[in-house]
Amino acid sequence: MKKFSFLALAAAGMLLGACSDKDETAQQVATPDEVAEGAYIGISIQMPSTTATTRANEDFRDGTTDEWAVKDANLMIFKTTTAGASEDDAVFVATYPMPVPAVLDGEADNNVEATIYKATKIDNAVAAEISSSDANTKYYAYVIVNANGQSGTLTPGTTTFGTFRDKQFNSIGADIAAECNIGDGGLLMTNAPVCKVAGGDATNATTLVEPSNYYTLVEIDKTKIFNSEALAQRAGNQAACVYVERAAVKVTLSKAADFSPATELGTVNILGWQIINYEPTYYNTRKVEASWGDLASDYTPALASPHLYRFVSPTAFAPQVPAAHTGPFRTYFAKDVQYNKEATLSKTVAGDTWIALGKSGYTTENTFDVEHQTWKNTTQVTVKVSVNGGTGFFTVPGNDGLLNAANAKTQLETNIKSNLGVQSAFNALVAKLPALTAPEKYSLDVAVSITEPTAGSENVTYTAIVGVKKGTTVFDIPTDANDEKTALEAAVTTAKNANVAKFYKDGVTYYNARIQHFGEEETPWSATKPWTVVDPGTTVQQIYGFGQTTNGTVDEGSDNSAKRFLGRYGVVRDNWYDLTIDAINELGSAEPINVSGNGTPDDQVKSYMSVHVHLIPWVLRTQHISF
């Protein structure tokens, strides 16, 4: 079991605080060593106990010590003054620094089972206001851990939580690039939105779409304000239980033990990887939609026992104080800042520094609706691989081999000569030339000149000089056949453009893997025409049934795409996506892949990758890939 000198933050699920389910203790009198020092409020902290996994692809792991580090924490207080007011209407009251020793003590890779809390000093005037407020006035706690300068300015009595929730932060406390290091400020954490009712298989779905069953702010017990730090920390005197989660998304990549690349690729070595297509900013608090609560797939060919209501956990992670409801229950998706639009993302590979296999990368949350479930909107990893033993080579249409320059030249000449357009133009030219006596004949001469590029290239520039031979001698074409010669040269140019050569510098090739969230376990997809009258193809409608049609017109009533596939792809904060490369079946790209503007749906009838996702909150989502 891990122990903390104060903040047992961020176990699997990252909870700051959780809470005793015991009856509240009576107001206690300070002893002589508990002298009046001002106003104090106690924040209870508990990590969830290790419990049996209840989802097909869920598990819990701690991660690394750096990911638990607590450098600073601030308690922000909000309030509402009207009965039944939404938490979005709560106005900001004040911010107070929390004492946060960040000493971690214990073994790695265990879930935390610890309950502690620490008193935070607040202004006497605010304490008096809270203690004397009427029954309709409620006060709420919000905590930012490891702020990394992201909290911003809030105006007391004016800034609402709804406005604050929409503030966009741009630092997660880690590099979002090749190095992906956690900074000195630690990983930023904020309140996690939770649900009061359970998801899962046996749930009354109507309760899962009720907005009042979801909350992010945590109500403060107004009777638990004390004039002594020691008294505020006494057992049973906690005033609030605040659940927090990391703002970062974690990604790791490894190679399967039985990794099996295609033999024609020669010696294969995975050199590293990077995260691409990530959001530049994120909402400071994860947004969830109650309307997702009753989305349960009716298409489950891959599952003998489908998991329903995937957006809310079926298992409570900690008791709640006060015990007004069961739970709380984790929520499993998010609405990001570009959720329902063509996103502007940071797309390209950064420099030439790559993350090693088994090392972690961090990025921001990126989610989208089914309509935008395409390559250009999806967070991916680019994998850098060396094949052919690290020796550079060319590829040319018509030859599946990894060719050196001489063999590539010969293959290109053959391809151009055999092109029907070139042959037709050559025959037209020969008809204008002087007749020959057998066994003499004219033959097409194409001389390709190819230069090895200095870097990998998807389109190698080469020259192709055309001529006509009479026997073994190049024939001077008479001037009255110049038009036919020009036509032949144009046909050769067309054929050359149709025979693109690629060059793989040092045998390096690149692959992209799109990251799945719910994946095959909870949003299974198949290419066997399961949902629409059209065969799967190249549009989001054909692949996922978005804007479903049954008679040639859009029938929104038959559109079940969200039920079946919402959240299949994407990355959500405080989730760990572990990608495992099982196999490399084909040669990849000679250059890093830029997916800008690529509207291809994330799933295709012909797939070069098989993906499996396993969840570990943090959450770890293990993904198997075959290229």
Side-chain angles (χ1 to χ4, degrees), residues 175 177-181 251-277 347-361 363 375 379-397 399-409 411 450-462 500-515 577-595 607-611 622-627:
D175 296 333
E179 294 280 351
C180 292
N181 293 318
V251 183
T252 51
L253 182 75
S254 60
K255 183 174 64 175
D258 58 350
F259 171 69
S260 56
T263 57
E264 59 267 24
L265 298 179
T267 301
V268 173
N269 183 30
I270 299 172
L271 302 177
W273 59 281
Q274 290 188 27
I275 302 169
I276 68 165
N277 253 29
K347 294 181 178 297
T348 56
V349 165
D352 196 40
T353 304
W354 297 80
I355 305 170
L357 292 182
K359 299 296 184 180
S360 300
T363 187
W375 286 31
T379 296
Q380 310 178 28
V381 296
T382 293
V383 185
K384 184 178 182 180
V385 179
S386 168
V387 302
N388 198 38
T391 300
F393 60 89
F394 292 86
T395 62
V396 176
N399 189 321
D400 294 332
L402 311 184
L403 309 175
N404 59 29
N407 291 338
K409 171 182 180 298
Q411 184 65 55
I450 185 169
T451 302
E452 184 175 296
T454 58
S457 175
E458 288 286 286
N459 190 347
V460 174
T461 300
Y462 62 94
V500 176
K502 299 179 181 180
F503 178 66
Y504 292 76
K505 178 72 172 177
D506 298 326
V508 171
T509 181
Y510 300 89
Y511 301 87
N512 273 23
R514 295 170 298 285
I515 302 177
Y577 300 84
D578 182 50
L579 286 67
T580 301
I581 302 177
D582 294 328
I584 295 179
N585 300 320
E586 297 186 14
L587 187 63
S589 170
E591 302 171 356
I593 302 165
N594 188 343
V595 298
S607 176
Y608 295 94
M609 292 177 289
S610 59
V611 180
T622 302
Q623 181 168 328
H624 294 270
I625 307 164
S626 293
F627 291 109

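Every heavy atom of this structure was used, including side-chain atoms; hydrogens, water molecules and symmetry mates were not.
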> Between the main-chain N or O of Val381 and the side-chain N or O of Asn277, is there a donor-acceptor pair closer than 3.5 Å?
Replying inline: no
> Tell me, do Phe393 and Leu587 make a side-chain contact under 4.5 Å, heavy atoms counted?
Replying inline: yes
>> Are the side chains of Val387 and Tyr504 in contact, using a 4.5 Å heavy-atom criterion?
In response: no
> Is the shortest heavy-atom distance from the side chain of Val460 to the side chain of Phe394 under 4.5 Å?
Replying inline: yes
> According to the side chain to side chain donor-acceptor pair (under 3.5 Å) rule, which pairs have a member within residues 380-397, sequence neighbours left out?
Replying inline: Asp352-Lys384, Gln380-Asn512, Thr382-Asn512
> Of all residues at least two apart in sequence or in a different chain, which pass the side-chain hydrogen bond (donor to acceptor under 3.5 Å, both in side chains) check with Thr379?
Replying inline: Asn366
Indicate every side-chain donor-acceptor pair of residues 262-276 with a distance under 3.5 Å to a residue at least two apart or in another chain.
{"unit_1": "Trp273", "atom_1": "NE1", "unit_2": "Ile355", "atom_2": "O", "d": "3.4"}
{"unit_1": "Trp273", "atom_1": "NE1", "unit_2": "Ala356", "atom_2": "O", "d": "3.3"}
{"unit_1": "Gln274", "atom_1": "OE1", "unit_2": "Ala350", "atom_2": "N", "d": "2.8"}
{"unit_1": "Gln274", "atom_1": "NE2", "unit_2": "Ala350", "atom_2": "O", "d": "3.1"}
{"unit_1": "Gln274", "atom_1": "NE2", "unit_2": "Thr353", "atom_2": "O", "d": "3.0"}

> What is the minimum heavy-atom distance between Gly361 and Cys180, and which atoms define it?
Replying inline: CA-CB, 3.5 Å
> How many angstroms lie between atom CZ of Phe503 and atom CD of Glu591, to the nearest 0.5 angstrom?
Replying inline: 12.0 Å
>> Holding to side chain to side chain contact (heavy atoms under 4.5 Å, CB included), I want the full list of residues that pass it with Lys409, two or more places apart in sequence or in another chain.
In response: Glu413, Val448, Ile450
>> When you compare the side chain of Thr252 with that of Leu579, does any pair of heavy atoms fall below 4.5 Å?
In response: no
Contacts table for residues 399-408: side-chain donor-acceptor under 3.5 angstrom, sequence neighbours left out:
{"unit_1": "Asn399", "atom_1": "OD1", "unit_2": "Gly401", "atom_2": "N", "d": "2.8"}
{"unit_1": "Asn399", "atom_1": "ND2", "unit_2": "Gln411", "atom_2": "OE1", "d": "3.3"}
{"unit_1": "Asn404", "atom_1": "OD1", "unit_2": "Ala406", "atom_2": "N", "d": "3.2"}
{"unit_1": "Asn404", "atom_1": "OD1", "unit_2": "Asn407", "atom_2": "N", "d": "2.8"}
{"unit_1": "Asn404", "atom_1": "OD1", "unit_2": "Asn407", "atom_2": "ND2", "d": "3.4"}

> Counting only heavy atoms not in Lys359, do more than 12 sit closer than 6.0 Å to its NZ atom?
Replying inline: no
> By side-chain hydrogen bond (donor to acceptor under 3.5 Å, both in side chains), which residues pair with Asp506, not counting sequence neighbours?
Replying inline: none
> Considering residues at least two apart in sequence or located in another chain, which fulfil the side-chain hydrogen bond (donor to acceptor under 3.5 Å, both in side chains) criterion with Asn181?
Replying inline: none
>> I want to check something: taking the side chain as every heavy atom from C-beta on, are Ser254 and Phe259 in contact at a cut-off of under 4.5 Å?
In response: no
>> Glu458: which residues meet the salt bridge (charged side-chain N to carboxylate O under 4.0 Å, His left out) condition with it, sequence neighbours left out?
In response: Lys502
> Counting only N and O atoms by type, is there a donor-acceptor contact under 3.5 Å from the side chain of Tyr510 to the main-chain atoms of Ile593?
Replying inline: no
> Which pairs with one or both residues in residues 386-396 pass salt bridge (charged side-chain N to carboxylate O under 4.0 Å, His left out), sequence neighbours excluded?
Replying inline: none
> Is any side-chain heavy atom of Trp354 less than 4.5 Å from a side-chain heavy atom of Val349?
Replying inline: yes
>> Testing the basics here: between Ala583 and Ser260, what is the closest heavy-atom pair and its distance to 0.1 Å?
In response: CB-O, 3.6 Å
> In chain order, what residues pass the side-chain hydrogen bond (donor to acceptor under 3.5 Å, both in side chains) check against Asp175, with sequence neighbours excluded?
Replying inline: none
